[in-house]
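Here is the structure we will look at, set down as structure tokens.
To find a chain, count down the sequence lines: A is the first, B the second, and so on, and within it residues start at 1.
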Protein chains: 4
Amino acid sequence: MKPINHYILTWQCPDTSGVLAKVSQSLYQHGAFITETSQYSDPYTSIFFSRIAFDDRNLTVSIAQFRQAIAELAQPLAMNFQLRERDDFPNVVIAVSKDDHCLVSLLTKVKAGVLPINVAAVVSNHQDCQALVDWHKIPFHHLPISSSTKEQQESELQALLINYKTDLLVLARYMQILSDDFCQQWQGQAINIHHSFLPSFKGAKPYHQAHQRGVKVIGATAHYITSDLDEGPIIVQEVKAINHSLTIEQMVHSGHDIEATALSHAVRMHAEQRVCLNQGKTVILL
Amino acid sequence: MKPINHYILTWQCPDTSGVLAKVSQSLYQHGAFITETSQYSDPYTSIFFSRIAFDDRNLTVSIAQFRQAIAELAQPLAMNFQLRERDDFPNVVIAVSKDDHCLVSLLTKVKAGVLPINVAAVVSNHQDCQALVDWHKIPFHHLPISSSTKEQQESELQALLINYKTDLLVLARYMQILSDDFCQQWQGQAINIHHSFLPSFKGAKPYHQAHQRGVKVIGATAHYITSDLDEGPIIVQEVKAINHSLTIEQMVHSGHDIEATALSHAVRMHAEQRVCLNQGKTVILL
Amino acid sequence: MKPINHYILTWQCPDTSGVLAKVSQSLYQHGAFITETSQYSDPYTSIFFSRIAFDDRNLTVSIAQFRQAIAELAQPLAMNFQLRERDDFPNVVIAVSKDDHCLVSLLTKVKAGVLPINVAAVVSNHQDCQALVDWHKIPFHHLPISSSTKEQQESELQALLINYKTDLLVLARYMQILSDDFCQQWQGQAINIHHSFLPSFKGAKPYHQAHQRGVKVIGATAHYITSDLDEGPIIVQEVKAINHSLTIEQMVHSGHDIEATALSHAVRMHAEQRVCLNQGKTVILL
Amino acid sequence: MKPINHYILTWQCPDTSGVLAKVSQSLYQHGAFITETSQYSDPYTSIFFSRIAFDDRNLTVSIAQFRQAIAELAQPLAMNFQLRERDDFPNVVIAVSKDDHCLVSLLTKVKAGVLPINVAAVVSNHQDCQALVDWHKIPFHHLPISSSTKEQQESELQALLINYKTDLLVLARYMQILSDDFCQQWQGQAINIHHSFLPSFKGAKPYHQAHQRGVKVIGATAHYITSDLDEGPIIVQEVKAINHSLTIEQMVHSGHDIEATALSHAVRMHAEQRVCLNQGKTVILL
């Protein structure tokens with residue numbers, strides 16, 4: 001008996017009549033067995049977003065032929081589409097600095113088989129996390145940074161990402177500002193965790209800023225990187241109530257859990273092909 | 001220039017191939033301009049649920065003809081469907097006892113134009129809320145209950161609901177147990193707010209039970225009524241962190257806000273035709 | 001039998017050894033029966049904050065004599081203290097604009113006897129809320145504003161506050177910027193609700209800003225007013241998860257509940273004498 | 001220069017006048033420098049709970065002498081008290097089954113120096129977590145269970161706990177029911193994480209129960225174990241909003257983060273000596 005393969009089809013196009021009808025008709029005609037479907041039509045940008053999961057139990061053509069059919073449909077509709085096998089997990093490179101709480105959360109979920117990514121490598125400007133990564137039998141690359149080598153180091157990171165055929169770069173508390181060119185190139189393919197509920201407390205030491213301001217809720221924001229620091233499209237935000245009694249150090253520790261949760265949730269959403277870029281914002285198709 | 005009318009089409013059917021294709025094709029062919037679309041296919045019950053909002057700016061047939069087309073499509077697919085004008089708000093009767101916090105929340109939102117229901121009347125076994133209801137210029141019916149008149153009172157409530165062509169009965173802290181027959185008859189059309197996070201603390205005095213158990217989170221649950229008390233399909237749950245220092249009275253007051261919020265959110269979801277019954281549970285199509 | 005009177009004693013002083021011992025000793029010696037006690041020592045500002053609730057069932061002196069004893073204790077310790085009867089509710093004036101959701105929440109709680117304030121009057125630059133206030137039999141003052149009368153109007157508001165012996169001014173979506181002098185004068189005695197999780201989205205139209213930024217969590221902040229707009233000490237913050245599908249209008253409505261909840265909670269904390277100012281921040285003594 | 005030592009004094013006693021005065025007076029007289037103080041007087045049980053953190057920078061007696069002074073004070077007040085050095089971390093044994101997410105969270109925090117416990121050993125009826133524990137250089141004990149060896153295995157666990165001078169046993173998803181005698185003996189010294197918001201969904205497979213019931217919020221509860229399964233005093237509850245689309249498996253994975261967060265928070269509260277037992281409930285002194 002032939003094993004069943006699962007696919008995810010996502011597409012975005014100008015919202016005109018018949019888009020959903022045409023695509024769902026094509027899926028039906030080719031025998032795609034739909035298991036999940038989610039759409040959103042943005043009334044502000046007039047873009048239509050869709051994510052459809054299906055399997056090939058009744059598919060009457062090859063997946064290559066199906067892809068061709070969708071491509072032909074897409075062209076007159078000015079539609080961008082992505083079609084991939086569900087279990088063809090994206091290659092992810094994780095960048096970290098010294099703190100390991102976000103990295104641990106990601107690796108623990110991957111090891112438990114509950115986060116659909118393939119961690120190709122971990123890179124860091126420090127060596128604090130190396131032993132952990134080694135234990136997970138994942139390649140670790142130490143790319144130290146000094147003020148004079150910053151540019152050179154980024155080139156090495158770039159080369160490494162290409163070498164690993166990286167689909168997604170995850171900045172799991174990497175704590176380094178990347179160049180505009182780099183951010184531009186990895187647009188929509190690099191997720192950062194910022195330890196505040198953006199847009200509050202952008203930049204350095206957000207918990208110090210939060211403590212200074214006396215907020216009663218702290219947060220963490222997972223977002224795509226852009227050349228504007230901490231201004232990229234937000235994917236997930238987690239928050240936590242606090243009170244006056246927390247010192248800055250306690251606030252920092254207290255935030256670890258929501259940072260790890262927000263980041264791993266954002267990575268899952270991205271890996272499941274649920275996040276669409278929508279002019280500086282995201283649409284999450286559940 | 002002809003005003004644009006908005007419609008909501010919802011449907012549920014056994015999940016077989018082509019369902020979405022056939023319906024979206026029909027919408028497209030008749031010129032329905034889709035503004036919102038949401039689907040869910042339940043892998044456990046194999047039921048497909050869909051909600052599509054559209055307008056008639058390009059509709060090529062009358063809405064009656066369109067309804068007929070959908071009806072013809074529905075028959076072979078064993079599909080239940082509902083088609084209504086978006087701005088044809090459901091007729092709602094609200095039942096209360098003495099406490100007015102849920103009632104106030106509902107009426108304030110209706111008055112502000114942000115809750116799409118038509119409050120036909122308020123009924124109560126007490127008179128505490130009458131002045132407020134009078135002020136809102138909504139009919140108020142006092143249906144007192146004594147142990148000997150309980151059955152009779154329910155019949156009067158029943159008659160009143162029919163008289164008002166009630167689409168939805170909202171039990172906004174009504175505090176009376178209704179008969180099995182009554183619950184059966186209003187299945188999927190009567191929403192209750194229970195002041196605990198069900199299934200914890202069913203029945204009477206849930207805050208007393210919560211205080212006794214020493215929980216650190218309290219809750220409120222809006223659900224459809226069924227003949228099994230507090231066992232009906234859950235629509236919305238709101239929760240709130242508490243600590244050891246709250247007295248039972250403070251817990252009761254502290255819960256007012258989440259009760260009102262959960263109930264008005266559930267009523268909105270129902271009124272916007274977003275809630276589907278799914279074998280003892282609900283699917284909420286956002 | 002003499003009725004029991006309840007009192008709240010709060011004090012702040014430089015944190016030196018023996019402060020708690022001296023005050024609790026004095027309470028004990030005079031027969032104060034303590035029912036609640038809460039302290040906080042700020043390691044950054046070295047200020048000690050305390051709130052003690054007690055009753056006079058065993059008090060061996062008059063409350064005036066007890067006040068005198070505390071005053072004598074306070075002087076060498078550089079202690080500020082406040083001593084009031086618990087049931088001597090603060091006089092509150094509520095200022096509103098057109099929206100009534102925060103006002104309704106406050107008045108409903110007061111009417112239900114669960115918010116320990118005395119609403120002396122409601123003022124507004126519009127008349128939208130007058131009928132509601134009239135219904136609650138609370139004086140309503142219409143103080144319209146035009147660009148040429150702004151200064152004059154503020155003077156009238158000022159006079160009115162003094163006339164009502166106002167202890168607390170609550171800006172329940174008043175939507176007007178008050179002068180620096182006014183803010184200075186009512187420092188620590190005027191609570192505003194801002195419809196964002198400050199410091200995000202200060203100033204006008206915060207929901208529009210939030211929608212533009214694409215946040216996944218919206219918030220509401222109750223804070224004391226200061227001459228720096230939206231920079232005053234934060235008392236309560238409430239948040240709510242949202243998704244991409246909310247229009248700006250839906251975001252605005254969706255925020256009503258958290259605004260009302262945050263504001264009424266902050267007013268309760270203030271009225272129960274639980275909020276202490278701590279150099280631009282607050283300490284909440286539960 | 002003498003290093004400063006930090007201490008935590010906690011006490012519980014019948015709530016009578018002068019308790020706080022007497023203890024704070026004693027602290028003052030002996031030169032204890034108070035840094036944190038928290039009290040709670042339960043109006044239902046009439047028990048007074050207090051936690052005071054202090055250091056010895058100005059202490060005029062030895063800590064042994066101070067302990068003696070408190071002991072003398074305690075006797076006539078029927079006071080239980082605990083006095084320990086803050087940095088004398090409790091010895092903790094962690095018991096796990098196959099899942100490692102709670103264990104990882106605890107060990108990661110300990111390794112980062114942000115959870116004040118000393119992990120003496122990890123025990124498990126399976127070997128899945130051994131490699132991780134070995135990597136952390138913590139003793140791992142494999143105590144397999146079969147139906148015929150259950151009693152014997154518990155005796156070995158008991159012996160092992162005694163051997164390690166265990167102050168706290170943490171059941172980090174241990175998934176085994178312990179005997180009444182065992183629960184009795186470790187009362188107030190053994191924390192379990194249950195993967196539901198108790199009292200909902202006690203016993204086995206809580207996520208299956210939650211899925212079946214169709215709740216809109218899932219939870220995790222950290223509580224002291226008692227001989228009544230899942231009925232022990234609740235320390236921390238974490239919750240998370242979900243929707244209809246989660247399969248049971250997704251619910252299980254989705255709960256991992258809140259389980260780990262709730263458990264590590266409860267362990268922190270216990271380790272910082274902030275949790276008091278109060279007749280089947282807990283008081284948390286922040």
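- When heavy atoms are compared at a cutoff of 4.5 Å, B:Val283 approaches chain D by way of both its backbone and its side chain.
- There is no contact between D:Ser41 and chain B, counting heavy-atom distances below 4.5 Å.
- Between chain D and the residues B:Asn243, B:Asp42, B:Ile248, B:Val236, the largest count of heavy-atom pairs under 4.5 Å involves B:Ile248.
- The main-chain N or O of D:Thr282 is never found under 3.5 Å from a side-chain atom of B:His244 such that the two would form a donor-acceptor pair.
- Note: D:Glu231 leads D:Glu231, D:Glu238, D:Gln279 in heavy-atom pairs under 4.5 Å with chain B.
- Near-neighbour residues of residues 176-202 of chain B relative to chain D, defined by a heavy atom under 4.5 Å from a heavy atom of that chain, comprise B:Phe197, B:Leu198, B:Pro199, B:Ser200, B:Phe201.
- Proximity to chain B (any heavy atom under 4.5 Å) is shown, for D:Leu286, by neither the backbone nor the side chain.
- Of the inter-residue distances, the one linking B:Ser245 atom OG with D:Ile284 atom CD1 reads 11.5 Å to the nearest 0.5 angstrom.
- Residue-level contacts of residues 204-224 of chain B with chain D, in order of numbering, are B:His211, B:Gln212, B:Arg213, B:Gly214, B:Val215, B:Lys216, B:Val217; threshold 4.5 Å between heavy atoms.
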